[in-house]
Amino acid sequence: MMFGRRLLLYLSAAGASCALQRNGQLSEAQYLPSEEEGWEAFNALLIAHPDTPVAIAIDSVDETYRGEILPRAFGQARAEMTDRRLRQVVHQSPYRAALRQGRERKATTRGDRYLIMGLTNPEQVRPWLDIMHLRGAPLAGIWLLPALSASLVRRFHLEDPRLLLVSEQTGGLRLTYLESGELRFSRLAPVDGSQHDNPLEGYADEIERTRQSLVGQRLITREERVKVVLVDPLNTLNELHGFLPEAAGFQCISINRGRLLEALKLPHALLAESADALYLSLLSRAPASANLMTAEQRATARVFWTRRGLMFAAAAWLSLSFAAALLLLGDAWRLNLQSDSLQSGVARDRARETALLAPAGGASQVGHRLAAVEAWNAVRLRDRQPAPLLEAVLAAAADIEGIRLGNLSWLNTDDSDAIRLAVEGDLPEFKGDYRAAHGSIDNLTRRIAERLPDHRVAVTAWPLDTASGAALEGMLGGRSIAAFRLELRAKP
């Protein structure tokens, strides 16, 4: 099954046309004869393009159109209301649809405007559907040919309020009336060219009959002018302007082959022999609400599209998994290259190390020497002597008058953070001035720190403890003693 492909089938009483649509482009357009010969050719097409959805456009005189204004509804309520009305209006055929055309805003009538349409002769499409069922080809939709006219009007920006589109089809002359761009009425007129010397005279008569029919249906008044648009892919209707004078109430313009090819971006050979390909190209823009498929056909189509969606998701997942596997393999290859490069670098570094350590006796001798150095450093930390510290403390105390050192204690352990020097002393000339005593102790601390920059100096006991939780001790009227205590620790 190929994604983005559809078979487009155009049916009329005179035969059929078929084309293959790939990503919005038409190709392989061909004419199919009527009856058995055409069915065999269509069967061969389905065999050549299996599992390809088929969209059908029908140009037939067995059609019905009826405008309805229904109450405004939404969702499931709208679907039930329109289905009930369709069964009442088009009860003789299962192929029917209600094309919603906006709101009716007249003061007397409010609601949504619908165009009820249906194919009154199901036998015209039945043989083709039987062949599709036999080949398992999914049905994408069934549309009456006039339902495709609105997209043609929008493509050429025809904004006139009342338009009558006229085109020469294989089954006759198709006349479609649109009001403000919305389909209101259409008829297929089988023209008998034997009644006139010029067949275009018969076309003009049918256009006049169609206008009279529109007046009878009260879609227009007798005085209103109708703009006739001649859709002319074969450039055969140029002389028809002369049979539709403005004095008779017509305003006539033509859309010829060149404009159609340019606007619809069709291949030049596609419209060479038949105008059917024009409407085949419009099938991709057909309104969904004008689809005549039955409920059973819609259910079958949903199953097909669900299966196609799952297959597409599976294909996408498989592609992503394959891409992820390729990325992982690429990463593994890249990491393997990096590993080889690092191993080569390590081997080169080892060779360079061996060459550098050879004069010193090799790596083993250097390792023994490094171990000896580490052992010496460990022993050196434990073999610290307090003499330099004591000398620095005594020298700092000698520079300050009124400070007497009484006790110095040294603690040396395996833990370098626990090694400390404790210094105890007092101020023998203390006369109760604690501020001056504290200043002398601060001065001593600063001088010791200057002499021993690698050590921290902290006062652990002051002459007067100013902490809020400390208790006062001493004798009233006796002589006070200003004792203090310092600790020295090596900085980390």
Side-chain angles (χ1 to χ4, degrees), residues 1-12 15-59 94-95 97 119 122 124-145 147-148 151 170 264-267 269-271 273-274 276-288 290-319:
M1 178 178 62
M2 299 295 293
F3 295 102
R5 297 177 53 173
R6 289 203 307 177
L7 278 173
L8 308 179
L9 181 64
Y10 171 92
L11 300 181
S12 69
S17 296
C18 189
L20 180 64
Q21 184 183 45
R22 291 188 181 94
N23 300 320
Q25 300 296 323
L26 296 186
S27 62
E28 302 181 24
Q30 57 181 297
Y31 174 75
L32 305 178
S34 59
E35 303 298 332
E36 288 81 0
E37 188 177 353
W39 300 336
E40 292 178 1
F42 182 60
N43 182 54
L45 276 174
L46 296 181
I47 294 175
H49 303 283
D51 283 341
T52 302
V54 180
I56 302 176
I58 302 177
D59 189 24
Y95 300 110
L119 178 66
Q124 183 175 352
V125 72
R126 184 185 57 79
W128 306 91
L129 295 178
D130 290 343
I131 296 173
M132 291 174 55
H133 178 72
L134 179 64
R135 295 302 171 191
L139 178 62
I142 303 174
W143 286 271
L144 292 174
L145 191 67
L148 312 178
S151 61
T170 54
L264 300 178
K265 297 179 174 59
L266 297 175
L270 204 60
L271 296 179
E273 299 182 4
S274 174
D276 301 346
L278 166 65
Y279 289 95
L280 288 177
S281 66
L282 298 176
L283 262 175
S284 59
R285 306 178 186 89
N291 193 341
L292 305 180
M293 290 171 60
T294 65
E296 293 78 8
Q297 290 169 341
R298 293 177 187 274
T300 304
R302 280 194 296 269
V303 172
F304 168 78
W305 289 112
T306 301
R307 184 185 66 177
R308 171 171 281 197
L310 292 175
M311 291 183 65
F312 179 79
W317 179 257
L318 182 61
S319 300

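For the numbers below, each heavy atom of this structure counts, side chains included, while hydrogens, waters and symmetry mates do not.
The line from SG of Cys18 to CG of Leu11 is 9.5 Å long, rounded to the nearest 0.5 Å. Atom CG of Leu280 sits about 8.5 Å away from atom OH of Tyr10, to the nearest 0.5 Å. Atom OG of Ser151 and atom CG of Leu283 lie 9.0 Å apart (nearest 0.5 Å). Rounding to the nearest 0.5 Å gives a distance of 11.0 Å between CZ of Arg6 and CG of Leu20. Taking CH2 from Trp128 and CG from Leu139, the interatomic distance works out to 14.0 Å, rounded to the nearest 0.5 Å. A distance of 5.5 Å separates CG of Leu145 from OH of Tyr279, quoted to the nearest 0.5 Å.
The side-chain heavy atoms of Trp305 and Pro53, taken from C-beta on, include a pair separated by under 4.5 Å. In this structure the side chain of Thr306 never reaches within 4.5 angstrom of the side chain of Val303, judged on heavy atoms.
Residue pairs meeting the salt bridge (Lys or Arg N to Asp or Glu O under 4.0 Å) criterion with at least one member in residues 129-140, sequence neighbours excluded: Arg126-Asp130.
Here the rule is side chain to side chain contact (heavy atoms under 4.5 Å, CB included) with Leu292, and of Val125, Ile56, Leu144 only Leu144 fits it.
Considering all non-hydrogen atoms of both residues, Leu282 and Leu148 come closest at CD1-O, 3.7 Å. Closest non-hydrogen pair, Pro138 versus Met132, comes out as O-CE, 3.7 Å. Nearest heavy atom pair, residue His49 against residue Thr52, reads O-OG1, 3.1 Å. The two residues Gly136 and Asp51 have their closest heavy-atom pair at O-OD1, 4.0 Å. For the pair Ile142 and Ile58, the tightest heavy-atom approach, listed with the atom from each and the gap, is CG2-CD1, 3.6 Å. Counting all heavy atoms, side chain and backbone alike, Ala140 lies closest to Asn291 at O-ND2, 3.7 Å.
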(request) Test side chain to side chain contact (heavy atoms under 4.5 Å, CB included) on Leu7 and Leu46 and set out the steps. (result) CA-CA 9 Å; Leu7 278 173; Leu46 296 181; 3.7 Å; yes
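Within a 6.0 Å sphere centred on CD of Glu37, other residues, nucleotides and ligands contribute 12 heavy atoms or fewer.
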